[in-house]
> 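Attaching a single structure in structure tokens format; questions to follow.
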Amino acid sequence: MTKLITEQQYYKIRNPKSKAKKVIASHVKEIFDTVRDFTTKPLKEMDVLDVGSGQGEYCFKIEEKTRSIIGVEPYKPAYEVAIEKQKSINSKVKFCNSTIEDLKIAKRFDLIICLTVIEHMPDAEKSFQKIFKLLKKDGVIYLTAPNKLWPLESHYKLLFLSWLPLSIANLYVRLVGRAYSYQDSSYSKTYFGMRSFFDQFPCEYKFVLPKNIDGAFLGCGSGRLFYRTIMKSGIFLIRRIPQFWIFSKGFIMIIIKD
């Protein structure tokens with residue numbers, strides 16, 4: 001019988017942010033290239049916060065180009081891995097084992113990165129109230145998120161999982177032996193849901209397309225030819241008909257605090 005694990009264990013341990021260094025470097029470059037279009041502040045003068053920093057790989061790469069970076073990770077096993085890596089490479093990244101809501105820090109940030117974390121926030125409104133509080137005026141949030149309407153759920157790769165009521169989704173992941181509960185990943189939003197959510201905050205936002213498809217990370221992306229072909233086709237359609245954002249696999253957003 002398949003041993004069931006918690007959803008957090010599945011997501012953080014079996015599918016961690018531990019990716020090939022080349023992929024990390026490519027995506028970090030994509031982040032910086034995109035952010036440069038929305039701020040005049042030089043990267044080397046930026047203070048950065050990574051919300052949901054996982055095992056720290058993005059933080060270590062971002063550290064090379066910015067003034068400072070802090071990683072916030074609520075899941076203790078992932079945080080502990082980041083601390084061990086930090087010691088081994090003598091990094092100056094500061095890691096905090098905390099939810100973003102409970103983070104106690106006086107520092108304010110020029111750039112806050114939220115890579116596929118909003119779908120794990122049970123009270124996203126409260127989470128982003130704190131994120132906006134930590135963001136400097138005219139600061140930038142770089143956010144990626146899966147689309148709730150995409151048929152293949154991005155964490156468990158199960159068809160229509162995100163479409164189901166939570167009670168049925170929980171049963172689904174148990175029956176296939178993936179996890180005990182889907183709840184931790186069940187807060188994804190649609191295109192209109194994302195717009196409605198950020199309309200309540202003092203900000204301007206824009207859905208953006210990747211500058212370089214090799215550096216793109218839409219939801220939990222894949223380098224396989226089939227998925228890359230879908231991504232290229234989607235980008236082609238969205239460029240010509242923006243309404244196709246509704247059907248995108250995932251979203252990249254730039255959010256600027258008023």
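These numbers were taken from a predicted model, which means no experiment stands behind them.
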> Which distance, rounded to the nearest 0.5 Å, do you find between the OG of Ser162 and the CG of Leu166?
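Spacing of OG (Ser162) from CG (Leu166) equals 12.0 Å.
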> Please evaluate residues Thr39 and Met46 with respect to the criterion side chain to side chain contact (heavy atoms under 4.5 Å, CB included), reporting the C-alpha separation (whole Å), side-chain torsions for both, the decisive distance (0.1 Å), and the verdict.
CA-CA 11 Å; Thr39 180; Met46 282 190 178; 3.5 Å; yes
> Less than 4.5 Å apart, side chain to side chain, heavy atoms only: is that true for Tyr156 and Val176?
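Heavy-atom side-chain distance check fails, nothing below 4.5 Å.
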> Write out all pairs satisfying salt bridge (Lys or Arg N to Asp or Glu O under 4.0 Å) with one or both partners inside residues 120-143, taking only residues at least two apart or from two chains.
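Every salt bridge (Lys or Arg N to Asp or Glu O under 4.0 Å) pair that includes a residue of residues 120-143, provided the two are not neighbours, is Asp47-Lys136, Asp110-Lys136.
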> Is the shortest side-chain N to carboxylate O distance from Lys85 to Glu57 below 4.0 Å?
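Salt bridge: yes.
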> When rounded to the nearest 0.5 angstrom, what distance separates CD1 in Ile112 from CD1 in Ile70?
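Ile112 CD1 to Ile70 CD1: 10.5 Å, rounded to 0.5 Å.
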> In Å, rounded to the nearest 0.5 Å, how long is the span from CD1 of Ile69 to SG of Cys59?
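Here the interatomic distance stands at 4.0 Å.
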> Main chain of Thr190, side chain of Asn147: is a donor-acceptor contact present, judged purely on distance under 3.5 Å?
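Such a contact is absent between Asn147 side chain and Thr190 backbone.
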> Mind checking the CD1-CD1 spacing from Ile238 to Ile235? Nearest 0.5 Å is all I need.
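The CD1 atom of Ile235 is 7.5 Å from CD1 of Ile238, to the nearest 0.5 Å.
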> For residues Ser91 and Glu63, is any side-chain donor paired with an opposing acceptor at under 3.5 Å?
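Looking only at side-chain atoms, Glu63 and Ser91 do form a donor-acceptor pair, the distance falling under 3.5 Å.
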> Any side-chain to backbone donor/acceptor pair from Thr99 onto Asp102? Under 3.5 Å, distance only.
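Yes, because the side chain of Thr99 sits within donor-acceptor range (under 3.5 Å) of the backbone of Asp102.
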> Are any side-chain N or O atoms of Lys257 and backbone N or O atoms of Leu135, one a donor and one an acceptor, separated by less than 3.5 Å?
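Here the side-chain-to-backbone pair exists.
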> Determine whether a donor-acceptor pair (N or O, by modelled atom type, separation under 3.5 Å) exists between the side chain of Ser185 and the backbone of His120.
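Side chain of Ser185 to backbone of His120: no pair is present.
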> Show, in sequence, the C-alpha distance, side-chain angles and deciding distance for Val48 and Phe109, and conclude whether the side chain to side chain contact (heavy atoms under 4.5 Å, CB included) test is met.
CA-CA 6 Å; Val48 183; Phe109 300 90; 5.6 Å; no
> A cation-pi test, strictly: NZ or CZ of Arg240 under 6.0 Å from the centre of the six-membered ring of Phe236 and no more than 45 degrees from its axis. Yes or no?
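Yes, a cation-pi geometry holds between Arg240 and Phe236.
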> Given side chains that start at C-beta, do those of Ser181 and Val173 come closer than 4.5 Å, heavy atoms only?
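With C-beta onward as the side chain, the pair stays apart.
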> Could you tell me whether a side-chain N or O of Glu30 sits under 3.5 Å from a main-chain N or O of Lys211, the two making a donor and an acceptor?
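A pair under 3.5 Å: yes.
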> Measure from NZ or CZ of Lys189 to the centre of the six-membered ring of Phe197 and say whether it is under 6.0 Å with the direction within 45° of the ring axis.
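Checked: cation-pi criterion met.
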> Are Phe38 and Lys206 packed together at the side-chain level, in the sense that at least one heavy-atom pair is separated by less than 4.5 angstrom?
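A side-chain contact exists here, since the closest heavy-atom pair is under 4.5 Å.
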> Apply ring pair (Phe, Tyr, Trp, His ring centres under 6.0 Å) to Phe132 and list each qualifying residue two or more places apart in sequence or on a separate chain.
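Ring pair (Phe, Tyr, Trp, His ring centres under 6.0 Å) list for Phe132, sorted by chain: Phe201.
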> Give the ring-plane orientation class for Phe95 versus Phe60, where under 30° counts as parallel, over 60° as perpendicular and anything between as tilted.
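Answer is perpendicular, since the angle exceeds 60°.
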> What heavy-atom pair brings Pro74 and Asn97 nearest, and what distance separates the two atoms?
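Shortest heavy-atom separation between Pro74 and Asn97 comes out as O-ND2, 3.2 Å.
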> With a 4.5 Å cut-off on side-chain heavy atoms, are Ile252 and Leu143 touching?
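The answer is no; the side chains never approach within 4.5 Å.
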> Can you give me the closest heavy-atom contact between Met194 and Ala145, atom names plus distance?
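Minimum heavy-atom separation between Met194 and Ala145: CE-CB, 4.0 Å.
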> Go through the steps for Tyr58 and His27 under the test side chain to side chain donor-acceptor pair (under 3.5 Å), then give the verdict.
CA-CA 9 Å; Tyr58 280 85; His27 188 209; 2.9 Å; yes
> Using every non-hydrogen atom in the two residues, find where Tyr205 and Met253 come nearest and quote the distance to one decimal.
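That would be CD1-CE, 3.7 Å.
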> Is a side-chain donor or acceptor of Arg108 paired with a backbone partner of Leu134 at a separation under 3.5 angstrom?
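Pair absent, no side-chain N/O of Arg108 close to backbone of Leu134.
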> Determine whether a donor-acceptor pair (N or O, by modelled atom type, separation under 3.5 Å) exists between the side chain of Ser26 and the backbone of Lys22.
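Here the side-chain-to-backbone pair does not exist.
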> Might you point out which heavy atoms bring Leu115 and Ile113 nearest each other, and give the distance in Å?
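Closest approach of Leu115 to Ile113: CG-CG2, 3.4 Å.
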> Same cluster for Leu209 and Phe247 if Ile/Leu/Val/Met/Phe/Trp/Tyr side chains link at under 4.5 Å?
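Hydrophobic grouping puts Leu209 with Phe247.
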> Can you tell me how far the NE2 atom of His155 sits from the OG atom of Ser186, to the nearest 0.5 Å?
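It is 10.5 Å, given to the nearest 0.5 Å.
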> Any salt bridge between Arg195 and Asp199, counting N to O under 4.0 Å?
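No, this pair does not count.
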> Please test Thr34 against Ile254 for side chain to side chain contact (heavy atoms under 4.5 Å, CB included), starting from the C-alpha separation and ending with a verdict.
CA-CA 8 Å; Thr34 302; Ile254 290 290; 3.9 Å; yes
> Is there a side chain to side chain contact (heavy atoms under 4.5 Å, CB included) between Ile118 and Tyr187? Walk through the geometry before answering.
CA-CA 7 Å; Ile118 193 170; Tyr187 308 104; over 6 Å; no
> Is there a continuous path of hydrophobic side-chain contacts, each under 4.5 Å between heavy atoms, that joins Ile83 to Ile62?
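They do share one cluster, since a chain of ILVMFWY contacts under 4.5 Å joins Ile83 to Ile62.
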> Would you call Tyr191 and Ser248 a side-chain contact if the rule is heavy atoms closer than 4.5 Å?
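SC-SC contact between Tyr191 and Ser248 ruled out.
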> Answer yes if the ring centres of Phe198 and Phe128 are under 6.0 angstrom apart, and no otherwise.
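Yes, ring centres under 6.0 Å apart.
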> Could you grab the distance from atom CD of Glu73 to atom OG of Ser98, nearest 0.5 Å is fine?
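Result: 10.5 Å between the selected atoms.
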> Can you find a heavy atom in the side chain of Glu204 that is under 4.5 Å from one in the side chain of Asp258?
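SC-SC contact between Glu204 and Asp258 confirmed.
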> What are the two closest non-hydrogen atoms of Arg36 and Leu43, and how far apart are they?
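Closest heavy-atom pair between Arg36 and Leu43: NH2-CD1, 2.9 Å.
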> Give a yes or no on whether the backbone of Leu149 and the side-chain of Trp163 come within a donor-acceptor separation of less than 3.5 Å.
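Yes, the answer is positive, given that a donor and an acceptor are paired below the 3.5 Å cut-off.
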> Determine, stepwise, if the pair Ser127 / Glu101 fulfils side chain to side chain donor-acceptor pair (under 3.5 Å).
CA-CA 5 Å; Ser127 300; Glu101 300 93 330; 2.6 Å; yes
> Is the NZ atom of Lys29 crowded by more than 12 outside heavy atoms at less than 6.0 Å?
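Atom NZ in Lys29 is not crowded, with 12 or fewer foreign heavy atoms closer than 6.0 Å.
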> Looking only at heavy atoms, what is the nearest atom pair of Lys61 and Ala25, with distance?
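Closest approach of Lys61 to Ala25: CE-CB, 3.7 Å.
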> Taking the inter-plane angle between the rings of Phe251 and Phe207 on a 0 to 90° scale, is it parallel (under 30°), tilted (30 to 60°) or perpendicular (over 60°)?
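Geometry flag for Phe207 against Phe251: perpendicular rings.
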> Judged by atom type as modelled, is there a donor-acceptor pair below 3.5 Å linking the side chain of Glu153 to the main-chain atoms of Phe160?
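Judged by distance alone, no pair lies under 3.5 Å.
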> Do Val51 and Leu49 come within less than 4.5 Å of each other through their side chains, counting heavy atoms only?
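Val51 vs Leu49: side chains touch.
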> If you define the side chain from C-beta out and look only at heavy atoms, does anything of Asn212 sit under 4.5 Å from Asp33?
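SC-SC contact between Asn212 and Asp33 ruled out.
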> Could you tell me whether a side-chain N or O of Ser196 sits under 3.5 Å from a main-chain N or O of Phe192, the two making a donor and an acceptor?
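Looks like no, no N/O pair under 3.5 Å.
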